[in-house]
Amino acid sequence: MRFQFVALATSLLSAAFVYADRDNSAVTDLLIDTTYTPADCTVKSANGDKLQVHYTGKLYSNGNKFDSSLDRGQPLPLTLGAGMVISGWEEGLLGMCLNEKRTLTIPSAKAYGSRGFGQVIPPNSALVFDVELVGLDSKAKKDEL
C-alpha cells in the first residue's frame, strides 16, 4: 500500500513539473495533432458549416483546465468561419471529419491575446484544446442538392 502511495505521489509531482516551466511564448504557431480519424471520412468541415464540438480547454503553461463542454454534457454549437470562436479554433476545426478528434495548441495571438479572458485565462496565454467534432451540418452537401 505504501509503495502505491509513493508511486502515485511521484507521478503526480512529475506531471506538475512537466507543466511548471512551460513558457507561453514558446507557442508561436497553431499546432494541430489529429488523435483520432474515423474510417468513414467522406465529408470534411468547411467555412459555413454548422458544427457541434465537444472540447476541454487547458492552459498551456500549467495544464489547468479552464472549461469543458463535457462537464456540461452539451457540445458547443458554432458556424465555422463566422467569427463565433477564437481564430485558433476557426483554423484548427477546418477539414475535420465527423467524430474526428484533435488536440489544438493555440498561441496567444490566435486565442485571447493580451486581454486574456476574465479570471479564467490570463493575458498572453497559449491554450490547449482537446476537441471532438460530434455534429456536422455541411453547407457543401446542401449546395450539391
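- Residues forming a side-chain hydrogen bond (donor to acceptor under 3.5 Å, both in side chains) with T34 (at least two apart in sequence, or on another chain): none.
- By the 4.5 Å heavy-atom criterion applied to side chains, L133 and L93 are not counted as neighbours.
- Put simply, OG1 on T37 and CG on N99 are 11.0 Å apart, with the number rounded to the nearest 0.5 Å.
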Handout entry: Verdict with reasoning, K65 to D71, per side-chain contact (heavy atoms from CB on, under 4.5 Å)
Key = CA-CA 11 Å; K65 179 174 76 170; D71 294 343; 2.9 Å; yes
Practice task
Test side-chain contact (heavy atoms from CB on, under 4.5 Å) on T56 and L70 and set out the steps.
Solution key: CA-CA 7 Å; T56 298; L70 297 168; 3.7 Å; yes
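- The shortest heavy-atom contact between D23 and Y60 is O-CE2, 3.5 Å.
- With a 4.5 Å cut-off on side-chain heavy atoms, L30 and S87 do not count as touching.
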Exercise for the section: Quick one: do E90 and L80 satisfy side-chain contact (heavy atoms from CB on, under 4.5 Å)? Show the steps, please. Expected result: CA-CA 6 Å; E90 293 280 6; L80 196 56; 3.7 Å; yes
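- Note on I121: it clusters hydrophobically with M84, by side-chain heavy-atom contacts below 4.5 Å among ILVMFWY residues.
- Proximity of N47 to K139: side-chain heavy atoms (C-beta onward) are nowhere separated by under 4.5 Å.
- Checked by atom type and distance alone, the side chain of S45 pairs as donor or acceptor with a backbone atom of M96 at under 3.5 Å.
- Residues L127 and I86 approach most closely at CD1-CD1, 4.5 Å, considering heavy atoms.
- A donor-acceptor distance shorter than 3.5 angstrom exists from the side chain of N62 to the backbone of N64, with no hydrogens or angles considered.
- Residues V85 and V53 fall within the same hydrophobic cluster, defined by Ile, Leu, Val, Met, Phe, Trp and Tyr side chains chained together at heavy-atom separations under 4.5 Å.
- When side chains are defined from C-beta on, N24 does not count as touching N124, because their heavy atoms never get closer than 4.5 Å.
- We find the OG-NZ distance between S68 and K58 to be 9.5 Å, quoted to the nearest 0.5 Å.
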When the side chains of residues 106-120 are checked against the rest of the protein, which donor-acceptor pairs come out under 3.5 Å, sequence neighbours left out?
| unit_1 | atom_1 | unit_2 | atom_2 | d |
| --- | --- | --- | --- | --- |
| K110 | NZ | E91 | OE1 | 3.0 |
| K110 | NZ | E91 | OE2 | 2.8 |
| R115 | NH1 | Y112 | O | 3.3 |

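- Here CG of L51 is found 10.0 Å from CG of L98. Values are rounded to the nearest 0.5 Å.
- Under the 4.5 Å side-chain heavy-atom criterion for Ile, Leu, Val, Met, Phe, Trp and Tyr, V131 and V134 are members of distinct hydrophobic clusters.
- The backbone N or O of K50 sits nowhere less than 3.5 Å from a side-chain atom of T79 that would complete a donor-acceptor pair.
- Annotation for Q52 and P77: closest pair NE2-CB, 3.6 Å, computed over non-hydrogen atoms.
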Practice task
Please assess D67 against Y55 for the test side-chain hydrogen bond (donor to acceptor under 3.5 Å, both in side chains), listing each intermediate value before the final yes or no.
Solution key: CA-CA 8 Å; D67 192 19; Y55 68 91; 2.6 Å; yes
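- Sorted by first and then second residue, the disulfide bond (SG atoms under 2.5 Å apart) pairs with a member in residues 40-140 read C41-C97; sequence neighbours excluded.
- The heavy-atom pair separating S69 from H54 by the smallest distance is OG-ND1, 2.7 Å.
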Practice task
Verify side-chain contact (heavy atoms from CB on, under 4.5 Å) between L31 and L104, making sure each step is shown before the conclusion.
Solution key: CA-CA 6 Å; L31 302 173; L104 308 177; over 6 Å; no
